[in-house]
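Worksheet: one structure, shown below.
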Amino acid sequence: MALINKKEVASILEEIGTLLELKGENPFKTRAYFNAARTISGLTGDLQQLVESGEIGKVKGIGKALAEKITTLVTTGELAYYEELKAEFPPTIFELMNIPGLGPKKIKKLYETLGISSLIELEYACNENRLVDLEGFGAKSQENILQGIEARKKYSEKFHLPVAEHAATTMIEHIRKAKGIKRSDIAGSLRRKKEIIGDIDILVSAAQNDTPAIMKKFVSAPEVERVIAGGKTKSSVILKSGINVDLRVVADKEFPFALHYFTGSKEHNVRMRTIAKDHNLKLNEYGLFHESNNKPVACKDEKDILKKLGLVYIEPELREDFGEIEAAEKNNLPGLIEEKDLRGTFHCHTTYSDGANTLKEMADAAMQRKWQYLGIADHSKSAQYARGLSKADLKKQRKEINSLNEQFDSFQIFHGIESDILADGSLDYDDKTLGELDFVVASVHSRFKMSEAEMTRRIINAIKNKNTTILGHPTGRLLLSRDGYQVDLVKIIEAAADYGKAIEINSHPYRLDLDWRMVKFAKEKGVKIFINPDAHNTEGLDDVRFGVGIARKGWLEKEDVINAMEVDRVIKYLGLL
DNA sequence: GCCGTTTTCGGCCCGACTGTTTTCAGTCG
């Protein structure tokens with residue numbers, strides 16, 4: 001049996017889509033491949049099984065041709081069609097897709113007329129002035145391409161949430177000083193609380209004659225490094241931090257439509273427009289119109305728009321075409337958890353291991369946040385790099401926690417550990433030691449390079465351990481720098497469901513692990529979730545808000561999250577009564 | 001390429017901006 005997973009199939013389908021674009025194929029055909037790639041990577045079922053049973057052809061968006069290709073890929077690990085397509089272009093040509101302003105048509109032109117197929121070659125050609133006389137190009141586009149290459153060298157194209165959030169709030173506060181702004185909001189992936197952010201979309205409503213001054217305010221903000229586009233309704237800049245920010249100014253009556261449109265996701269919007277068409281309406285960023293006579297349907301906010309389309313309101317975090325539209329049609333959407341629902345949090349570090357603040361300081365910070373409890377889980381003895389705790393340290397820490405708990409009126413510290421999952425899946429203390437703790441977070445911190453099968457077995461072993469309460473950061477990924485270890489998350493989640501164990505959403509903005517796509521699957525399997533900050537200092541406690549965003553993207557309600565429970569219920573859940 | 005209780009053929013979301021053009025193609029979201 002060939003070993004090819006969903007991720008690999010999806011990436012091949014996506015590559016085929018790009019190659020077809022380069023060839024100038026029918027755009028709807030290329031879109032079919034991109035859609036299929038998305039569908040496959042979002043599947044929670046076993047791909048091998050779907051292929052073997054032939055069910056793959058019944059998945060929406062996968063017809064006869066794609067089903068055959070996917071089947072070939074999964075069973076043989078190869079696909080002649082893909083190999084033939086790949087052979088038509090040098091592999092480095094994909095680099096060019098990342099330069100702003102260059103799309104498939106222009107790349108094709110560059111390749112066929114100038115033989116350019118890599119970033120190096122492109123940069124060289126620009127410096128030789130060879131794009132100036134090329135049909136469809138010119139001095140200006142050559143200059144823009146050069147700047148695009150520079151920007152790529154200088155910046156990675158995506159940003160962690162705190163960086164994007166800071167840039168967005170700074171910018172929107174700056175713009176709000178302009179005269180005549182009626183409504184303003186951040187849209188795009190930041191509003192949807194995506195785990196990483198590509199660019200920032202800001203939306204403003206104002207009267208037409210106030211617009212030029214607002215645009216001017218925007219492009220002259222102190223953080224702006226370069227203005228990319230400056231139109232009447234849309235401007236685009238790059239900040240010194242490298243983040244791209246777009247500003248749209250619309251009339252106030254258009255604001256809800258524009259907010260909906262620019263919040264996306266793209267896939268969600270495509271579905272919404274199709275639904276509008278089903279109602280003989282046309283939806284765009286300016287309004288909702290009757291197809292027959294172009295008359296507008298007035299809507300005061302987003303909720304109103306959705307109502308007109310026969311849907312209940314869909315929270316921005318859910319707008320990923322991940323089942324939210326079907327659920328909205330049936331009025332079956334979850335009542336999403338909010339940050340204010342949290343009653344405490346777990347998985348926090350102190351000066352006992354590699355944290356910066358003492359037990360007392362962490363507890364005080366938790367109380368300041370009006371929480372009822374805090375779960376301390378310092379590193380375990382195997383984590384020597386992080387001053388992991390010996391059994392004696394654990395005893396000492398227990399004593400201090402008991403003494404602090406006696407002083408508190410209505411606050412409680414839970415004593416736990418973040419115990420390393422060793423290579424064979426065992427935890428790094430004996431059962432007696434672990435059994436005396438209030439809770440155990442089991443995490444992988446070493447031996448990342450195991451095969452998927454081995455790693456999956458290892459983690460399931462840890463889940464089976466009677467002392468394990470929570471599986472910590474299930475994939476170990478570091479966003480924008482390190483992929484997670486190879487692991488079959490579907491099997492992990494099913495094991496957690498079978499053994500009644502919880503999984504954390506590690507809320508550190510570099511982790512956000514469990515991924516929201518899998519959070520939804522975990523919920524469907526009945527697995528309980530902890531929203532944990534993995535805090536190494538008192539400010540780190542605030543990271544739970546990123547975790548709440550991910551929880552919301554994963555359709556979680558208050559009842560799904562243990563640390564949204566009152567302290568009595570948590571005590572019962574942890575079996576401490 | 002996919003899809004269909006109006007359809008197995010003819011649709012497939014829609015508009016702004018740029019840079020090239022001299023009325024528009026390509027890119028982007």
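No hydrogens, no waters, no symmetry mates; every other heavy atom, side chains included, goes into these values. In what follows, chains are A, B, ... by sequence order, proteins preceding strands, each numbered from 1.
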**Asked** Taking atom P of B:dG29 as reference, at what distance in whole Å does atom CE of A:Met97 sit?
**Response** 12 Å
**B:dT20, syn or anti by chi within 90 degrees of zero** = anti
**Message:** Taking 4.0 Å as the cut-off, does a side-chain nitrogen or oxygen of A:Thr274 come that near to OP1 or OP2 on B:dC12?
**Reply:** no
**Complete:** Looking only at B:dC17, B:dC13, B:dG1, the nucleotide nearest the A:Lys277 side chain is B:dC13
**Request:** Answer with base, sugar-phosphate or nothing: what part of the nucleic acid does A:Pro100 contact at a heavy-atom distance below 4.0 Å?
**Result:** sugar-phosphate
**Message:** Between A:Thr30 and B:dG1, is there a contact of a side-chain N or O with OP1 or OP2 at under 4.0 Å?
**Reply:** no
**Asked** Salt-bridged, A:Glu452 to A:Lys491, with N to O below 4.0 Å?
**Response** no
**Fill in**
note: A:Ile107, atom CD1; B:dC28, atom C1'; distance rounded to Å ~ 13 Å
**Prompt:** Between A:Glu557 and A:Lys523, does at least one N-O distance fall below 4.0 Å, as a salt bridge requires?
**Reply:** yes
**Request:** Using heavy atoms to find the nearest nucleotide of DNA chain B for A:Asn244 and A:Arg248 separately, return the residue whose nucleotide is more 5′.
**Result:** A:Arg248
**Request:** Please work out which of the three classes, parallel, tilted or perpendicular, describes the rings of A:Phe89 and A:Tyr111, given edges at 30° and 60°.
**Result:** tilted
**Asked** Across all strands, who's sitting opposite B:dG1 as a Watson-Crick or G-U wobble pair, both distances under 3.5 Å?
**Response** B:dC12
**Message:** Distance check, C1' atoms only: B:dT7 and B:dC12, in whole angstrom units.
**Reply:** 14 Å
**Message:** Using a heavy-atom cut-off of 4.0 Å across all strands, would you classify A:Ile99 as base, sugar-phosphate, or nothing?
**Reply:** sugar-phosphate
**Message:** For A:Gln49 and A:Ser53, which I'm curious about, is there any donor-acceptor pair between the side chains at under 3.5 Å?
**Reply:** no
**Flag side-chain contact, heavy atom, 4.5 Å: A:Leu247 against A:Lys234** = no
**Item:** Close residues, residues 316-333 of chain A, relative to DNA chain B [heavy-atom separation under 4.0 Å]
**Value:** none
**Asked** So which heavy atom on A:Val9 is nearest to which on A:Ile4, and how close?
**Response** CG2-CG1, 4.0 Å
**Prompt:** Taking the side chain of A:Arg273 as its heavy atoms from C-beta onward, which of B:dC13, B:dG26, B:dC17 lies nearest to it?
**Reply:** B:dC13
**Message:** Side-chain N or O of A:Arg31 versus OP1/OP2 of B:dC13: is the shortest distance under 4.0 Å?
**Reply:** yes
**Asked** Between B:dC13, B:dG1, B:dG29, which nucleotide gets closest to the side-chain atoms of A:Asp246?
**Response** B:dG29
**Item:** Minimum-distance nucleotide to A:Tyr261 side chain [options: B:dC14, B:dT27, B:dG1]
**Value:** B:dC14
**Message:** Between B:dG11 and B:dT6, how many Å separate the two C1' atoms, rounded to a whole number?
**Reply:** 14 Å
**Prompt:** Is it true that the side chains of A:Glu15 and A:Tyr82 contain a donor and an acceptor less than 3.5 Å apart?
**Reply:** yes
**Request:** Calculate the interatomic distance between A:Lys234 atom NZ and B:dT18 atom P; express it in whole Å.
**Result:** 8 Å
**Request:** Considering only NZ, NE, NH1 and NH2 on the basic side and carboxylate oxygens on the acidic side, decide whether A:Lys182 and A:Asp252 come within less than 4.0 Å.
**Result:** no
**Message:** Between the side chains of A:Glu195 and A:Lys158, is the shortest nitrogen-to-carboxylate-oxygen separation below 4.0 Å, so that they form an ion pair?
**Reply:** no
**Prompt:** How far does the P atom of B:dT22 sit from the matching atom of B:dC17, given to the nearest Å?
**Reply:** 23 Å
**Request:** Taking atom C1' in both B:dC13 and B:dC2, compute the distance separating them and give it to the nearest angstrom.
**Result:** 16 Å
**Item:** Phosphate OP1/OP2 of B:dG15: any A:Lys282 side-chain N/O under 4.0 Å
**Value:** yes
**Any A:Asn35 side-chain nitrogen or oxygen under 4.0 Å from OP1 or OP2 of B:dC2** = no
**Item:** Same-atom distance (P) from B:dT23 to B:dG29, integer angstrom
**Value:** 29 Å
**Request:** Using whole Å, report how far CD of A:Glu21 lies from P of B:dG26.
**Result:** 13 Å
**Message:** On DNA chain B, does the nearest nucleotide to A:Gly138 precede the nearest nucleotide to A:Gly57 from the 5' side, or the other way round? Give the residue.
**Reply:** A:Gly57
**Item:** Interatomic distance at C1', B:dT8 relative to B:dG1, whole Å
**Value:** 15 Å
**Prompt:** Near DNA chain B, which residues from residues 288-299 of chain A have a heavy atom under 4.0 Å away?
**Reply:** none
**Request:** Determine the Euclidean distance between corresponding P atoms of B:dA16 and B:dT21; express it in Å to zero decimal places.
**Result:** 24 Å
**A:Gln208 atom CD: more than 12 heavy-atom contacts under 6.0 Å** = no
**Request:** Name the nucleic acid region contacted by A:Gly230, choosing base, sugar-phosphate or nothing; use a 4.0 angstrom heavy-atom cut-off, strictly under.
**Result:** sugar-phosphate
**Request:** Taking only the side-chain heavy atoms of A:Thr233 (C-beta and beyond), determine which of B:dC17, B:dG29, B:dG19 contains the nearest atom.
**Result:** B:dC17
**Prompt:** For A:Leu131 and B:dG19, what is the distance between atoms CG and C1' respectively, to the nearest whole Å?
**Reply:** 13 Å
**Request:** Scan A:Tyr33 against the nucleic acid and name what it touches under 4.0 Å (heavy atoms): base, sugar-phosphate only, or nothing.
**Result:** sugar-phosphate
**Request:** Identify which nucleotide among B:dG1, B:dT27, B:dG19 has an atom closest to any side-chain atom of A:Asn26, counting heavy atoms from C-beta outward.
**Result:** B:dG1
**Prompt:** Are the side chain of A:Glu267 and the backbone of A:Glu320 linked by a donor-acceptor contact shorter than 3.5 Å?
**Reply:** no
**Request:** Please work out if A:Ala187 contacts a base, only the sugar-phosphate, or nothing of the nucleic acid, heavy-atom cut-off 4.0 Å.
**Result:** nothing
**Prompt:** What integer distance in Å separates A:Asp278:CG from B:dT6:P?
**Reply:** 11 Å
**Prompt:** Within the pair A:Lys109 and B:dG26, is there a side-chain N or O less than 4.0 Å away from OP1 or OP2?
**Reply:** no
**Request:** Look at the side chain of A:Asn144 and decide which nucleotide, out of B:dG19, B:dT27, B:dC13, has an atom nearest to it.
**Result:** B:dG19
**Asked** Please give, in whole Å, the distance from B:dT20 C1' to A:Asp133 CG?
**Response** 13 Å
**Item:** Selected nucleotide, minimal atom distance to A:Lys106 side chain, candidates B:dT27, B:dG19, B:dG15
**Value:** B:dT27
**Prompt:** Between B:dC2 atom C1' and A:Lys69 atom NZ, what is the distance in whole Å?
**Reply:** 12 Å
**Message:** What I want to check is whether an N or O donor and acceptor connect the side chain of A:Asn284 with the base of B:dG15 at under 3.5 Å.
**Reply:** no
**Fill in**
On a heavy-atom basis, the closest approach of A:Glu317 and A:Lys553 is O-NZ, 3.0 Å
**Request:** Would you indicate what A:Leu102 reaches in the nucleic acid, counting non-hydrogen atoms under 4.0 angstrom: base, sugar-phosphate, or nothing?
**Result:** sugar-phosphate
**Prompt:** Does A:Phe137 have A:Lys106 sitting over its ring (NZ/CZ under 6.0 Å from centre, angle to axis within 45°)?
**Reply:** yes
